[in-house]
Amino acid sequence: MIMRIVPYDLKYKNDFIEMNKAWISEMFEMEPEDERELGSIEPYIEKGGQIFFALDEKERAMACCMIAPREDGDWEIMKFAARGMYTGTGAGSACLKACIDYAKKLRLPKIIIVSNHECTHAVHLYRKFGFEEIPVDKERFPFDRADIAFEMTL
């Protein structure tokens, strides 16, 4: 399968929202923070954040991953999703790698990720890429489903 990674473009905004809503709804409930984040993509981009998309040979979005600055100064990998039919193709890994490379290019000291233990494939992927588990600070990460957090020192 031919795949290429591209940065955010408005034409992929609906793909980003749909993929994330579908993934979240498959295992969990959409939370107010999900709605807030998905409804305010551009401000994250304006602050230096980026979303990377894996596109197939027909320019269809296969997966996406967003990296963005948080209010507390840290940068977070957030809203990471793939279309179900593309699971296992490497599209998600390629998007995650693009976010890590972007963080390195920005010379960020570290990046963080918050997830859930039930997301076994994602948790395995984070560990494979070198993220190390850290305690979950519920004040910083208001999601009910957030029960595991990771950090990568760059």
Side-chain angles (χ1 to χ4, degrees), residues 1-31 33-42 44-45 49-70 74-106 108 110-136 141-154:
M1 171 177 288
I2 298 170
M3 170 179 57
R4 68 185 185 103
I5 305 301
V6 299
Y8 180 72
D9 186 294
L10 191 58
K11 66 184 173 185
Y12 302 118
K13 180 178 182 174
N14 287 336
D15 290 307
F16 178 76
I17 293 168
E18 288 171 17
M19 277 190 275
N20 278 285
K21 282 186 174 183
W23 174 85
I24 293 165
S25 300
E26 188 178 304
M27 293 181 70
F28 308 102
E29 300 271 328
M30 285 286 291
E31 298 182 37
E33 188 69 6
D34 291 312
E35 297 290 352
R36 187 191 69 73
E37 289 176 358
L38 291 172
S40 59
I41 297 166
E42 282 76 16
Y44 286 112
I45 302 294
Q50 187 56 266
I51 305 170
F52 292 96
F53 294 85
L55 304 179
D56 68 10
E57 62 277 352
K58 294 183 180 173
E59 297 293 301
R60 292 178 298 215
M62 303 165 62
C64 59
C65 189
M66 179 177 187
I67 182 169
R70 295 173 41 85
D74 279 338
W75 281 65
E76 181 179 3
I77 300 281
M78 52 195 284
K79 300 299 179 237
F80 179 30
R83 291 197 197 280
M85 67 181 112
Y86 295 111
T87 302
T89 63
S93 292
C95 290
L96 179 59
K97 182 181 183 316
C99 283
I100 294 167
D101 290 345
Y102 182 74
K104 288 177 180 176
K105 185 177 145 192
L106 293 178
L108 299 177
K110 66 178 179 178
I111 47 179
I112 55 175
I113 296 176
V114 181
S115 191
N116 183 284
H117 281 90
E118 291 180 36
C119 303
T120 55
H121 293 295
V123 168
H124 172 77
L125 189 63
Y126 303 148
R127 289 190 170 118
K128 178 179 152 188
F129 271 84
F131 284 88
E132 295 184 10
E133 192 171 341
I134 59 171
V136 177
F141 306 111
F143 293 97
D144 289 339
R145 67 180 177 268
D147 70 359
I148 190 169
F150 297 92
E151 179 179 282
M152 175 188 277
T153 303
L154 300 173

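Hydrogens, waters and symmetry mates play no part in the numbers below; they use all other heavy atoms, side chains included.
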To the nearest 0.5 angstrom, please state how far the OG1 atom of Thr87 sits from the CE atom of Met62.
-> 10.0 Å

Sub-4.5 Å side-chain heavy-atom contact between Leu10 and Lys13 | yes

Mind checking whether Ile111 and Phe131 have side chains closer than 4.5 Å, heavy atoms only?
-> yes

Give the intermediate values and the outcome of side-chain contact (heavy atoms from CB on, under 4.5 Å) for residues Phe53 and Lys11.
-> CA-CA 11 Å; Phe53 294 85; Lys11 66 184 173 185; over 6 Å; no

If you measure from CD1 on Ile113 to CD1 on Ile148, what distance do you get to the nearest 0.5 Å?
-> 10.5 Å

Taking the side chain as C-beta and beyond, is there a heavy-atom pair between Phe150 and Ile134 under 4.5 Å?
-> no

CD-CD1 distance between Glu151 and Ile77, expressed to the nearest 0.5 angstrom = 12.5 Å

Met19 side chain near Phe80 side chain, heavy-atom distance below 4.5 Å | no

Test item: Asp34 side-chain N/O and Glu31 main-chain N/O as donor-acceptor pair under 3.5 Å = yes

Taking NZ, NE, NH1 and NH2 as the nitrogens, is one of them in Glu18 or Lys21 under 4.0 Å from a carboxylate oxygen of the other?
-> no

Just one of Gln50, Met66, Arg70 clears the side-chain contact (heavy atoms from CB on, under 4.5 Å) bar with Tyr44, so which one?
-> Met66

Validation row: Ile100, Met152 side chains within 4.5 angstrom (heavy atoms) = yes

Residue pairs, two or more places apart or on separate chains, that pass side chain to side chain donor-acceptor pair (under 3.5 Å) and touch residues 53-67 | Arg4-Glu59, Asp56-Arg60, Asp56-Tyr86

Out of curiosity, Leu125 CG to Ser115 OG, how far, rounded to the nearest 0.5 Å?
-> 10.0 Å

Electrostatic pair Asp101:Lys105 at N-O distance under 4.0 angstrom | no

Considering all heavy atoms of both residues, which atom of Phe16 and which atom of Ile41 are nearest to each other, and what is their separation?
-> CD2-CD1, 3.4 Å

Taking all non-hydrogen atoms of both residues, which atom of Cys99 and which atom of Cys65 are closest, and how far apart?
-> SG-O, 3.4 Å

Here the pair of heavy atoms bringing Ile51 nearest to Cys64 is CG2-CB, 4.3 Å

What pairs of residues pass the side chain to side chain donor-acceptor pair (under 3.5 Å) test when at least one of them lies in residues 122-134, not counting sequence neighbours?
-> Arg127-Glu133

Do you know the tightest heavy-atom contact between Ala94 and Met3?
-> CB-CE, 4.2 Å

Mind running side-chain contact (heavy atoms from CB on, under 4.5 Å) on Met30 and Leu38 for me, showing each step along the way?
-> CA-CA 11 Å; Met30 285 286 291; Leu38 291 172; 3.9 Å; yes

Output yes when a side-chain donor or acceptor of Asn116 lies under 3.5 Å from a complementary backbone atom of Arg145, and no otherwise.
-> yes

Sub-3.5 Å donor-acceptor pair from the side chain of Arg83 to the main-chain atoms of Ala61, do we have one?
-> yes

Report yes if some heavy atom in the side chain of Tyr12 is under 4.5 Å from a heavy atom in the side chain of Val6; otherwise report no.
-> yes

Heavy-atom pair with the smallest gap, counting every atom of Ile67 and Trp75 = CG1-CE3, 3.8 Å

Ser93 side chain to Gly90 main-chain N or O, any donor-acceptor pair under 3.5 Å?
-> no

side-chain contact (heavy atoms from CB on, under 4.5 Å) between Phe143 and Val114: does it pass, once the steps are laid out?
-> CA-CA 9 Å; Phe143 293 97; Val114 181; 5.6 Å; no

Closest non-hydrogen atom pair, Trp23 against Cys119 | CZ2-SG, 3.4 Å

Would you check, one step at a time, whether the test side-chain contact (heavy atoms from CB on, under 4.5 Å) holds for Leu154 with Lys110?
-> CA-CA 5 Å; Leu154 300 173; Lys110 66 178 179 178; 5.6 Å; no

Nearest-0.5 Å distance, NE2 of residue His117 to CG of residue Asp147 | 5.5 Å

